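Computed from heavy atoms alone, side chains included, the values below leave out hydrogens, waters and symmetry copies. Whatever order the structure lists them in is the order used to number ligands and atoms, beginning at 1. Since the model is a prediction, treat every value here as computed from it, not as a measurement.
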Amino acid sequence: MDMEPQVGDHSGQSQRRALLKALLILTAFCGALFYVINIRRGVVVLAYIELGAAIASVLLYVVVRRTPRLRLWTLIYLIPFLNIMMMALYLPGASPTVFLWIYIVPVLCHLLLGPRLGLAVSVFYILVALGLFLHKYPDYLFRSGFAEIANITLSLGVTLAFAYIYERGSDRSRSDLVVMASTDPLTRLPNLYRFREAFIHERSRAERLATPLSVLVLDLDLFKAVNDSYGHRIGDLVLIHVAKQLRQRLRATDLPCRVGGEEFTMLLPDTNRDEAVWVAENLRELIASQPYRTGRLSVPLSCSIGVAEWGVDGQSMDDLVEAADRRLYIAKQQGRNRVISEG
Ligand SMILES: Nc1nc2c(ncn2[C@@H]2O[C@H](COP(=O)(O)OP(=O)(O)OP(=O)(O)O)[C@@H](O)[C@H]2O)c(=O)[nH]1
């Protein structure tokens, strides 16, 4: 069995999942509580709806713990929840203070659904709630003063705006963090974390479409000598130069990564071993033919590359990288500046 670790969740899903689980527990508890309260008050229809909501929340909790389709299940919970809230507002026996619950709508919708969908759903339900309230208490607008209406409108508007701004900011911070966590700061190439994630994705695509998938491991030759002769700063610039060459030479669907030091790993979807060897030879020639130049300085470069193919050399990313690494080592032993795909 493949024991590759699962890659992390990028969209704040784990946070939203935790919140939804907490809400389901709360809904189950409140549903049961309000069922008792409303039965005693004689508001039987509402009481049974609340009991149903409590039972549904417990069942949903079981699904929500694991589902990959969190947004869909969130909507399955949220829409009936908000509809019940609207009904509670409108039912004849319900107190006017039920309206106060409308203030949690923007907060809940944004936290659970993110900024865009959260805004759309909250605006819709706030308008529905206001409509129902005015329909139920038609003389309210005439009885109450301007200050009272302004208070309600402004406080709702401010809650909505804050919820939106907060959630949009967190979404952006989360995306920035994901980019930082998956990018090599020196070359701006993706790092090992991103490579692992892309491998899992590309492997399932290759399985589904029965297409090949190959991996290259490239290591610059005698790079220590570059650092020793020209200094670390030039060594860094050489790595940036090589990263640029890889990016320019490879297809947009290929993924070159810097996995550490002077070693680069490349994922080549839709590419079998022979094609991967051809790509690797191209890269080797390119790097050898274009020394790093700055001012009068010219740093000659070469690299060694190991090639592995998914399905032939193993199934997991670790199998492939291990096979390609082994061949890279053979290339180094045979005198460097070469591509090896056997052994
Ligand atoms: N400038 C710079 N050097 C680095 C970086 N990461 C690793 N290195 C250097 O890369 C060199 C790698 O040296 P070795 O592992 O001995 O390999 P090599 O000299 O390339 O020799 P072969 O791999 O056998 O061809 C070491 O001197 C590291 O200090 C980096 O981010 N910047």
Side-chain angles (χ1 to χ4, degrees), residues 176-199 214-250 254-268 273 276-309 313-314 317-343:
D176 289 351
L177 273 178
V178 169
V179 172
M180 274 167 66
S182 52
T183 308
D184 166 46
L186 179 68
T187 60
R188 311 304 300 162
L189 283 180
N191 62 13
L192 184 61
Y193 174 79
R194 174 85 186 86
F195 185 81
R196 190 174 287 284
E197 187 184 59
F199 181 85
S214 293
V215 165
L216 307 181
V217 175
L218 179 156
D219 189 275
L220 292 177
D221 294 331
L222 303 172
F223 190 65
K224 186 174 179 314
V226 173
N227 276 329
D228 292 348
S229 313
Y230 308 102
H232 238 78
R233 172 73 190 131
I234 294 294
D236 284 355
L237 293 172
V238 166
L239 292 171
I240 293 169
H241 164 74
V242 169
K244 201 166 144 200
Q245 286 178 313
L246 299 181
R247 242 193 244 106
Q248 281 172 355
R249 174 60 193 80
L250 292 170
D254 298 335
L255 187 79
C257 303
R258 183 181 177 218
V259 292
E262 80 294 18
E263 190 169 303
F264 300 86
T265 303
M266 279 145 281
L267 187 63
L268 311 182
R273 181 196 298 241
V277 168
W278 184 82
V279 173
E281 279 294 354
N282 262 252
L283 290 174
R284 187 192 63 74
E285 282 167 21
L286 179 72
I287 287 169
S289 66
Q290 292 192 5
Y292 171 69
R293 290 198 175 89
T294 175
R296 284 193 182 161
L297 181 69
S298 174
V299 182
L301 298 168
S302 73
C303 68
S304 304
I305 305 178
V307 181
E309 183 181 356
D313 296 304
M317 183 189 112
D318 291 339
D319 289 343
L320 298 194
V321 170
E322 200 183 300
D325 253 337
R326 199 171 55 242
R327 289 159 192 168
L328 171 67
Y329 182 70
I330 297 172
K332 296 274 180 183
Q333 280 187 323
Q334 290 185 1
R336 302 183 173 85
N337 192 21
R338 64 197 63 217
V339 174
I340 299 285
S341 59
E342 308 271 340

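Between the side chain of R284 and the backbone N or O of N282 there is no donor-acceptor pair closer than 3.5 Å. Looking at N191, its side chain does come within 3.5 Å of a backbone N or O of R194 through a donor-acceptor pair. Looking only at distances, no side-chain donor or acceptor of R293 sits under 3.5 Å from a matching main-chain atom of R296. Between the side chain of S289 and the main chain of L286, a donor-acceptor pair closer than 3.5 Å is present.
In R336, the part holding a heavy atom less than 4.0 Å from any atom of ligand 1 is the side chain.
For atom 27 (O) of ligand 1, the nearest non-hydrogen atom from the set E262, K224, E263 comes from K224. For atom 9 (C) of ligand 1, the candidate residues are D219, D228, N227, L186; the nearest heavy-atom contact is made by N227. In the candidate list K332, Q333, R258, R258 is nearest to atom 5 (C) of ligand 1, counting heavy atoms.
With a 6.0 Å radius and a threshold of 12 heavy atoms from other residues, nucleotides or ligands, F223 has its CZ atom above the threshold.
Judged by distance alone, the side chains of D219 and S304 never bring a donor and an acceptor atom under 3.5 Å apart.
Counting the atoms of ligand 1 from 1 in the order shown, those under 4.0 Å from a heavy atom of L220 are 20 (O), 23 (O), 25 (O). For ligand 1, the atoms sitting less than 4.0 Å from at least one non-hydrogen atom of D221 are 20 (O), 25 (O), numbered in the order shown with element in parentheses. If you number the atoms of ligand 1 from 1 as listed, the ones under 4.0 Å from a heavy atom of L222 come out as 18 (P), 19 (O), 20 (O), 21 (O), 22 (P), 25 (O). Residue G235 has at least one heavy-atom neighbour below 4.0 Å for each of these atoms of ligand 1: 1 (N). Listed by number with element, the atoms of ligand 1 under 4.0 angstrom from any heavy atom of D236 are 1 (N), 2 (C), 30 (C), 31 (O), 32 (N). Less than 4.0 angstrom separates some heavy atom of L239 from each of these atoms of ligand 1: 30 (C), 31 (O), 32 (N).
Using a 4.0 Å cut-off between a side-chain N of Lys or Arg and a carboxylate O of Asp or Glu, R327 and D313 qualify as a salt bridge.
Shortest non-hydrogen contact noted between L320 and V215 is CD1-CG2, 3.9 Å.
Of all protein heavy atoms, the one closest to atom 7 (C) of ligand 1 is G261 CA, 3.3 Å.
Polar contact check, F223 against ligand 1: a nitrogen or oxygen pair lies under 3.5 Å apart.
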